[in-house]
Amino acid sequence: MWHAAFWGAVSGSAVLLGALGALFLPIKNRWIGFIMAFGTGVLMGAATFELLEDSAHDGGVKATGIGFLIGAIVFTIFDYLVSNKGKIQRKRSQGDLAASSGLAIFAGTIMDAIPESIMIGASLIGQQSVSFLLVVSIFISNIPEGLSSTTGMKKSNYSTAKIIWLWIAVLAISTFASWAGFFFLDDVSAATQSAIAAFAGGGIVAMIASTMMPEAYEESGPITGLIAACGLFIAFLLDQFS
């Protein structure tokens, strides 16, 4: 049980590391775009190879398809509801965030982190080791999120202390969500677990398309596609040899 919390904390710590990098290191926006492009590819691979493929194998295509589509729809609805309140800028290193948008940024980041962390905990059910591909993918994708969001908040005069506490809160919630994924999903049926995993996969894919990829292309240009493809290939290799 506590292994699940530990691995949730490991993956969630990446946003804090990214934030610290943006606060104290001179990182150019173009490099943030490169890292984000690579992260999108790796995370897309994790959603496909780890969540969807395993879900279809364990619970069938029907449960997987329903869970995947509902996950994408739910993320899109929540994304739409809060996009007018500043959340849409949570991964943006450019732009001018209003001081009142802090809660919306926090809510949007949590919306990304919770399904990812839940599936890290769920991946421990019935086995002794965590899904290495899932942890690595989420960790890599969280670094540019912390980098880019923090850069945008700095430009909007967020204090260093406020930024750090924001990401510490995200880390704590990621840890709890991973623990909850293991604790509450341990006794559910294979079909239910598959639907939940696919739900997370749908949300992750929708998040990548609506937030991470646009930012990556904006910062790094046409090379974004190549870098994302390299990230996807790395995810494939991790899946094959893990």
>> When you measure from the side chain of S194 to the backbone of A63, do you find a donor-acceptor pair of N or O atoms at a distance under 3.5 Å?
In response: no

>> Checking the side chain of S178 only, and the main-chain atoms of S174 only, is there a donor and an acceptor separated by less than 3.5 Å?
In response: no

> From F182 CZ over to W7 CH2, what is the distance, rounded to the nearest 0.5 angstrom?
Replying inline: 14.5 Å

>> Testing the basics here: between L16 and L171, what is the closest heavy-atom pair and its distance to 0.1 Å?
In response: CD2-CD2, 4.4 Å

>> Students often mix this up, so state it plainly: with edges at 30° and 60°, are the rings of F34 and W31 parallel, tilted or perpendicular?
In response: perpendicular

>> For A198, is there any backbone N or O sitting under 3.5 Å from a side-chain donor or acceptor partner on T64?
In response: no

>> Let me check something: do W165 and L20 share a hydrophobic cluster, defined by ILVMFWY side-chain heavy atoms less than 4.5 Å apart, either directly or through other members?
In response: yes

> Closest approach of W179 and A5, non-hydrogen atoms and distance?
Replying inline: CB-CB, 4.0 Å

> In terms of hydrophobic clustering (I, L, V, M, F, W, Y; side-chain heavy atoms under 4.5 Å; direct or indirect links), are Y217 and I143 co-clustered?
Replying inline: no

> Hey, what do you get for CD1 (I168) to OG (S13), rounding to the nearest 0.5 Å?
Replying inline: 12.0 Å

> Checking T40 side chain against A37 main chain: does a donor-acceptor pair fall under 3.5 Å?
Replying inline: yes

> For S11 and N142, which heavy atoms make the closest approach, and how far apart are they?
Replying inline: O-ND2, 2.9 Å

> Would T224 and M213 satisfy side chain to side chain contact (heavy atoms under 4.5 Å, CB included), going step by step from the backbone distance to the final call?
Replying inline: CA-CA 8 Å; T224 299; M213 276 302 240; 4.3 Å; yes

